[in-house]
Amino acid sequence: MNQYQLIIMADDKQVVLERILQVTRYRGFLINGISAEVNTGTKVATIIMQVSSERPIELLVDQVNKLIDIKSVSVDNSVAFENSATLLKLSTQN
Amino acid sequence: MTTENQFTGGSLLFDVLQQHGVNEVFGYPGGAIMPIYDALYDSDVKHYLVRHEQGAAFSAIGYARATGKVGVCLATSGPGATNLITGLADALADSIPIVAITGQVATTAMGSDAFQEIDVFGLSLACTKHSFQVRDVNDLESVLHQAFAIALEGRQGPVLVDIPKDVQLAAVQKQCLKVSTIPNKVKLPPADVTKALSLLTTARKPILYVGGGVGMANAIDEVRSFAKETGMPSVSTLKGLGALSSDDNPYYLGMLGMHGTKAANIAVQECDLLVAVGARFDDRVTGKLTEFAPNARIIHFDIDTAEINKRRFADAPILGDLKANVPLLSCQLEIEEWQNKIVEMKQDFGWQYDHPGQGIFAPSVLKEVSEKAPKNTCVTTDVGQHQMWAAQHMNFDDPHNFLTSGGMGTMGFGLPAAIGAQVSRPNDMVIAVTGDGSFMMNIQELGTIKRFNLPVKVVLIDNEKLGMVRQWQDLFFQGRLSETDLSDNPDFVMLANAFGIKAKQITTKAEVSDAIAEMIDHDGPYVLQVCIDALDNVWPLVPPETANDKMMEST
C-alpha cells in the first residue's frame, strides 16, 4: 500500500469534514490519521490527512477537489504529522 | 401572507424558484413540509402531485433532461426524503441538474429520533453533487440561489436543500440577492490543443467517441460539424445517442459497448486514435478495460478534471467547455481507406429484422414506432432488454429526445421521467418504452398521468420475465432461472383502464402497424402492451470482463 499525505484547504462549511471522509472511503483509500483546525478569522479549515491505498493518489485529489467547499488539495509528504495527538478542531457546524 | 419583501421561509422558496424560471415542480406533501405546501397554495408555481416521491425525483429528472433546465422536486421528511434518494443517485450518475427540497422536523426536534426524522443531509453526501441544511431562515435565499448555480455549473448534478419546519414558518425579509456562482472553483485555462492536433492529423484510423456530455454542454452542433469536417468515423454511448445520426453521417456506427453494434465495437478495437467527447470510459462501454481500444492514443475532451485518466490514460486531455473546445480541433483528414472500411463494416453488420413465426419481434416494433412518431418525439425508457432494443433500433435526432437511466440503470425510471418530459414539452409527443418488470416499479404514476391528462404513450414490451436477468441466467448461470418469472403479472390493459387510460394488447406481427398508428393518433395517454417471446435475447452481447470484439451474437 502506498502512503500519502494530503493538505486540504476548505471553507468551514456544514459537514465539510464528513464530505471529505465519505469521498476518501468511497474512492478506496484508508485514513491512517487526520489533523484538522480552523482559522476562525478567515473561516478556512486546514486538514492534513494521511491515507494509504493501492490506487493512484491523483484519483483522490481530483475527487476531493470536486467538493464544492474545497479551496485546494495538494500532496505533500514532507509536512510533519502529529501522529500521537490527532486533532479534530473544526467548528461545531462540522 | 407576505408583503412585498416580507416572506416566510415557505413563500420565499417559491419566490426564488420563480426567479430561476421554475414554473412547475413535482412533489408529495407530508407533515414536515406542510408550511411549504401552505405557501404553494398562494403561489403561481404549478405543482404536479405524484403518487410516490421516487416518481417526483424521476419526473424532475425527465423535465431537466428534456429541456436542459433545472428540475425541482419536493418531499417531506423521513420516508418522503428517503424515497427521493434513488432519484438523486440516478441524477448524480447521469449528471442531471435537479434541486430537491425536503422538509425536516423542527430544529428543536432534530437529533431526537422524532417522528419522520431521518438524517437526509447525511444520506445526501453519497448521492448529490452538493447539499444544504438550512438552520437559519436568513440563509435560505442565499442557499437556494447557490443550489441552482451548483446544479448547473461545470459538470451538472443534483443538489438537496433540507429545510426544517420552523425555518419554513419563520418570517424573513427578502434580501434580493444576485444569483450566485460557485465559490472556490477557478476557471479553467484556455485549452492547449497542439498535441491533440498532432495526434489527430497523423492518425490513420481515428474514431470519434461521443458521450452524454455533448448534449448537456449543448455542443451538438459543434460535434456534428467536427464529425463532418474531419470525416471521422464515430460511435456513441447510450447517453450520447441523438448527438449524431446515420441520416447525415455515413461513417456513424451507432452505440458501442456491451450491447453496441458489431461494427462500432470492431472499429473501436481497431482504431489508432480515440477522440472521447463528454464520455467517461464507463465499464459498460469498455468491456475489459485492459483490452479496450488496445492500439489507440486518446484525446479526451471533458468538463470534469476528475474524469481525465480515471479509467484510461489520456495522451491529450482537453479540459473545459465542449462547445468552445471541440471546434479547436477541426481539420481535414486523409483517411479514405479507413472510411471505406467503416462503410463496408456498416453494410456487412447491419441489423436483421427477419424473425420467424407470427410472434412479435421487439426490435421491429421499436424501429417502426421510431419511424412513425412525429418529429421531435421524446422517448424515455426503463432498464433492461427493452432499453437496449430501444437504444439499438430507434433513431434520435437530439440527445434531449432520448432519456434513459444510464449510469445508475434504475428500473422504474421511464414512466415518471416521461411525465416530467411531457410537462416540460407539452407540444411534443412523449413515448415511454418499458418492460413488464420496470413498469410495475412505478406504475402508480399512471394516476399522475390521468390526473393531469398528460398524453404520454407507453410501449410496454411484455415477456413475462425480468428479461435481461433471465438472459444472463441462461447464458452465464447455467440456465438456473432464479426469481425472474413474472408470468403472474396483472392484466395490464385492465389495469390501465382502471386508471382511466386507454390500452391495447397485441400478440402477433399482423397487429403491429395498426396498433402503433392507433397509439400515435390517440389524443390522450395510451398503453400499448406488446407481448413477445419470453426467450428473445438482446444481441450482440459482450460478456463481462471480455474485450468488445469478442461479442456473442444470435445463432
Side-chain angles (χ1 to χ4, degrees), chain A residues 2 4 6-31 34 36 38-39 41-47 49 51 53-75 88 90-94, chain B residues 89 92 95 104 107 110-111 119-136 139 142-143 146-162 164 180-186 188 280 302-314 317 319:
Chain A
N2 298 312
Y4 308 96
L6 294 182
I7 315 294
I8 303 167
M9 308 296 286
D11 287 331
D12 179 27
K13 293 284 182 65
Q14 290 177 321
V15 301
V16 65
L17 187 56
E18 223 174 312
R19 292 183 202 280
I20 293 167
L21 298 178
Q22 188 269 331
V23 168
T24 304
R25 174 185 55 75
Y26 172 63
R27 296 294 172 180
F29 289 77
L30 290 173
I31 298 172
I34 185 167
V38 175
N39 180 324
T42 61
K43 292 192 178 299
V44 173
T46 303
I47 299 150
M49 192 163 69
V51 297
S53 179
E54 299 292 351
R55 298 183 177 184
I57 191 64
E58 291 77 15
L59 170 67
L60 183 59
V61 170
D62 285 344
Q63 295 295 339
V64 172
N65 229 340
K66 279 173 68 171
L67 294 172
I68 299 298
D69 297 324
I70 300 301
K71 298 178 90 67
S72 66
V73 185
S74 57
V75 182
L88 286 171
L90 292 186
S91 66
T92 51
Q93 63 179 325
N94 295 293
Chain B
L92 184 67
S95 309
Q104 182 55 275
T107 50
M110 285 168 60
D119 176 21
V120 70
F121 192 34
L123 291 174
S124 72
L125 300 186
C127 60
T128 60
K129 182 177 176 186
H130 197 61
S131 49
F132 298 91
Q133 187 170 65
V134 184
R135 294 193 179 211
D136 181 342
D139 295 335
S142 165
V143 161
Q146 287 179 65
F148 275 83
I150 291 168
L152 280 171
E153 280 193 26
R155 183 171 179 174
Q156 300 175 343
V159 179
L160 178 129
V161 182
D162 191 38
S180 61
T181 55
I182 304 176
N184 294 329
K185 301 305 166 196
V186 291
L188 294 164
R280 60 187 178 92
D302 212 287
I303 189 72
D304 183 357
T305 311
E307 289 303 335
I308 304 297
N309 300 333
K310 188 180 88 174
R311 300 249 311 149
R312 174 75 183 252
F313 174 75
L319 273 168

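Naming convention: chains lettered A, B, ... in sequence-line order (proteins, then strands); numbering from 1 in each chain. Everything numeric in this text was worked out from a predicted model, so none of it was measured.
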Checklist entry - Should we say atom CZ of B:R155 is surrounded by more than 12 heavy atoms from elsewhere, each under 6.0 Å from it? => result yes
Next on the checklist: side chain to side chain contact (heavy atoms under 4.5 Å, CB included), that's the test. Do B:E307 and A:D62 meet it? Break it down for me.
Outcome noted: CA-CA 9 Å; B:E307 289 303 335; A:D62 285 344; over 6 Å; no
Checklist entry - Tell me, do A:I68 and B:I150 make a side-chain contact under 4.5 Å, heavy atoms counted? => result yes
Checklist entry - Does the pair B:T305 and A:N65 meet the rule for a side chain to side chain contact (heavy atoms under 4.5 Å, CB included), with working shown? => result CA-CA 9 Å; B:T305 311; A:N65 229 340; over 6 Å; no
Item to check | Heavy-atom pair with the smallest gap, counting every atom of B:A306 and A:K66 | outcome: CB-CD, 3.5 Å
Checklist entry - Checking B:N309 against chain A: side chain, backbone, both or neither under 4.5 Å from a heavy atom? => result neither
Checklist entry - Around A:Y26, counting heavy atoms of other residues, nucleotides and ligands shown, do more than 12 lie under 6.0 Å from its OH? => result no
Checklist entry - Which atom pair, heavy atoms only, marks the closest approach of B:K310 to A:L59? => result CG-CD1, 4.1 Å
Checklist entry - So how far is it from B:S124 OG to A:R19 CZ, rounded to the nearest 0.5 Å? => result 6.0 Å
